[in-house]
Novice: 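One structure, pasted below without further comment.
Below, all heavy atoms of this structure are taken into account, side chains as well, without hydrogens, waters or symmetry copies.
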Amino acid sequence: MHRFFVPPNWIDHGRVIVQGGLAHQLWNVLRLKPGDEITLLDNSGWEYRVRLEKLEKDQAEGSIVGELLGHEPTARIALYQALLKGERFEFVLQKGTEIGVSDFIPLKCERCVAGEPREAKLERWRRIIREAAEQCGRARLPQLSPPLSLEEACQMAQGWRLLAWEGERGRGLKGYLEELRSTGRLEENKEFSLFIGPEGGFSQREVQVAEDHGVMPVSLGQRILRAETAGLVAAAVILYELGELG
């Protein structure tokens with residue numbers, strides 16, 4: 001069944017009015033007809049099964065025939081991802097949404113090759129997140145924040161704050177999660193802030209800045225992962241350890 005995130009005011013007392021580009025998509029692209037059903041989401045966590053009753057070029061109407069509380073991860077992972085070249089950052093947004101990341105915060109780092117995005121690119125990124133969320137069955141849209149410096153990001157980060165760094169030799173992500181679980185802290189606080197560097201990695205100075213703000217460096221293993229891969233792997237490991245992927 002087709003799924004779409006819509007403004008909350010389109011849903012009112014069991015009735016739905018779809019407007020603009022989405023109405024055109026239903027009518028002219030998907031060629032839906034009265035009696036067909038779609039799923040609408042208002043970003044509240046609820047899913048609404050809607051039976052279409054009237055379709056026109058710029059407006060569609062229907063009624064809600066079922067409601068279901070969507071399935072979102074109980075863990076909240078904020079991915080502080082350094083800006084990346086080309087389509088690599090878009091890949092992180094799309095796949096991170098599919099995995100279950102809750103927040104994306106672009107980082108401006110010393111070794112970033114990519115420049116700071118303009119509003120048009122930020123809007124494109126929001127569209128990529130929305131389409132990925134619709135496709136994979138998310139009930140809430142991950143949030144995209146404006147780009148921040150590493151120090152700004154460290155100051156706002158919440159929960160267990162981890163920085164993936166290839167130079168860390170003493171503490172691995174798996175071992176850290178096992179330590180949290182053994183002491184009961186993993187179930188008490190399921191909020192993570194995950195810092196991932198650019199193509200050239202974090203500088204030694206940046207690692208020190210992060211540590212000074214209480215962010216803990218961790219290793220992701222013996223192999224060096226690409227910048228667009230590391231955050232996805234780390235997020236998947238965390239969600240797996242919390243039973244979200246099994």
Side-chain angles (χ1 to χ4, degrees), residues 73 75-114 125 129 142-145 147-181 185-186 189-242 244-245:
R76 187 170 187 89
I77 297 180
L79 181 55
Y80 291 78
Q81 172 72 59
L83 291 165
L84 303 174
K85 286 180 59 179
E87 298 179 351
R88 293 180 178 180
F89 198 87
E90 296 179 359
F91 176 82
V92 173
L93 295 175
Q94 182 186 68
K95 303 309 176 186
T97 298
E98 293 176 11
I99 290 171
V101 170
S102 302
D103 300 85
F104 295 99
I105 303 92
L107 284 184
K108 297 179 288 185
C109 297
E110 292 179 11
R111 296 173 179 170
C112 281
V113 178
W125 288 354
I129 291 172
Q143 298 301 302
L144 174 67
S145 299
L148 299 177
S149 69
L150 178 63
E151 186 166 2
E152 291 172 328
C154 290
Q155 291 171 352
M156 72 171 284
Q158 302 293 317
W160 308 111
R161 299 180 293 169
L162 306 175
L163 180 141
W165 185 43
E166 65 277 9
E168 175 59 36
R169 295 292 183 264
R171 182 185 300 106
L173 177 59
K174 177 178 172 57
Y176 181 74
L177 294 173
E178 288 177 345
E179 178 186 343
L180 291 179
R181 183 181 296 282
R185 291 179 291 168
L186 187 60
N189 184 359
K190 295 184 179 182
E191 186 171 9
F192 287 82
S193 293
L194 190 57
F195 289 76
I196 305 295
E199 287 89 345
F202 289 113
S203 69
Q204 184 68 56
R205 187 197 71 83
E206 289 175 320
V207 174
Q208 187 61 57
V209 167
E211 287 188 290
D212 290 344
H213 284 84
V215 180
M216 186 176 299
V218 294
S219 168
L220 299 183
Q222 299 299 316
R223 290 171 293 282
I224 304 298
L225 302 178
R226 288 182 176 270
E228 69 270 26
T229 306
L232 303 177
V233 169
V237 168
I238 292 170
L239 290 169
Y240 178 81
E241 286 294 326
L242 288 167
E244 299 284 357
L245 298 181

Novice: How long is the gap from OG on Ser193 to CG on Leu163, to the nearest 0.5 Å?
Specialist: 11.5 Å
Novice: Is atom CD of Glu87 surrounded by more than 12 heavy atoms (other residues, nucleotides or ligands) closer than 6.0 Å?
Specialist: no
Novice: Given side chains that start at C-beta, do those of Arg185 and Glu179 come closer than 4.5 Å, heavy atoms only?
Specialist: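 Of all side-chain heavy-atom pairs linking Glu179 with Arg185, at least one is under 4.5 Å.
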Novice: Should we say atom CD of Gln222 is surrounded by more than 12 heavy atoms from elsewhere, each under 6.0 Å from it?
Specialist: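 No, CD of Gln222 has 12 or fewer neighbouring heavy atoms, counting only those of other groups under 6.0 Å.
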Novice: What is the distance from atom CD1 of Ile238 to atom CD of Glu244, rounded to the nearest 0.5 Å?
Specialist: 11.5 Å
Novice: Where is the tightest heavy-atom contact between Ala82 and Cys109, given as atom of each residue plus distance?
Specialist: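 Heavy-atom minimum between the residues: CB-SG, 3.8 Å.
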Novice: So how far is it from Ile196 CD1 to Glu228 CD, rounded to the nearest 0.5 Å?
Specialist: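 The CD atom of Glu228 is 11.5 Å from CD1 of Ile196, to the nearest 0.5 Å.
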Novice: Between CG of Leu177 and CZ of Phe192, what distance do you get to the nearest 0.5 Å?
Specialist: 5.5 Å
Novice: Where do Gln94 and Glu90 land on the side-chain contact (heavy atoms from CB on, under 4.5 Å) test, with the steps shown first?
Specialist: CA-CA 6 Å; Gln94 182 186 68; Glu90 296 179 359; over 6 Å; no
Novice: Regarding Glu110 and Arg205, does a basic nitrogen lie under 4.0 Å from an acidic carboxylate oxygen?
Specialist: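 Yes.
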Novice: Between Val218, Leu150, Leu162, which is the residue that forms a side chain to side chain contact (heavy atoms under 4.5 Å, CB included) with Phe195?
Specialist: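 Exactly one option meets the side chain to side chain contact (heavy atoms under 4.5 Å, CB included) with Phe195, and it is Leu150.
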Novice: I need the minimum non-hydrogen distance between Gly231 and Leu79, along with the two atoms involved.
Specialist: CA-CD1, 4.0 Å
Novice: Rounded to the nearest 0.5 Å, how far apart are CG of Leu84 and SG of Cys112?
Specialist: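 If we round to the nearest 0.5 Å, Leu84:CG and Cys112:SG are 7.0 Å apart.
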Novice: Can you tell if the side chain of Thr97 reaches within under 4.5 Å of the side chain of Pro142, non-hydrogen atoms only?
Specialist: yes
Novice: Mind checking side-chain hydrogen bond (donor to acceptor under 3.5 Å, both in side chains) for Arg76 and listing every partner two or more places apart, or none if nothing turns up?
Specialist: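 Testing Arg76 for side-chain hydrogen bond (donor to acceptor under 3.5 Å, both in side chains), a comparison that skips the adjacent residues, returns Asp103.
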Novice: Would you say that Pro106 contacts Trp125 through its side chain, given a criterion of any heavy-atom pair below 4.5 Å between the two side chains?
Specialist: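 Answer yes - side chains close enough.
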Novice: Would you mind listing every side-chain hydrogen bond (donor to acceptor under 3.5 Å, both in side chains) that reaches into residues 208-220, with sequence neighbours excluded?
Specialist: Gln208-Asp212
Novice: To the closest 0.5 Å, what do you measure between CD1 (Ile77) and CD1 (Ile99)?
Specialist: 8.5 Å
Novice: Quick check: closest heavy atoms across Ala164 and Leu220, and the distance to 0.1 Å?
Specialist: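 Shortest heavy-atom separation between Ala164 and Leu220 comes out as CB-CD1, 3.8 Å.
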Novice: Which atoms form the tightest heavy-atom contact between Leu83 and Glu199, and what is the distance?
Specialist: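 Taking Leu83 first and Glu199 second, the nearest heavy atoms are O-OE1, 4.1 Å.
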Novice: Looking only at heavy atoms, what is the nearest atom pair of Pro73 and Leu239, with distance?
Specialist: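 That would be CB-CD2, 4.1 Å.
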Novice: So with a 6.0 Å cut-off around CZ of Arg226, is the heavy-atom count from everything else above 12?
Specialist: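 No.
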Novice: Tell me the closest heavy-atom pair linking Ala157 and Tyr80, and the distance in Å.
Specialist: CA-OH, 3.3 Å
Novice: Sorted by first residue and then second, give each side-chain hydrogen bond (donor to acceptor under 3.5 Å, both in side chains) pair with at least one member in residues 158-176; sequence neighbours left out.
Specialist: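 Non-adjacent pairs meeting side-chain hydrogen bond (donor to acceptor under 3.5 Å, both in side chains): Lys174-Glu178.
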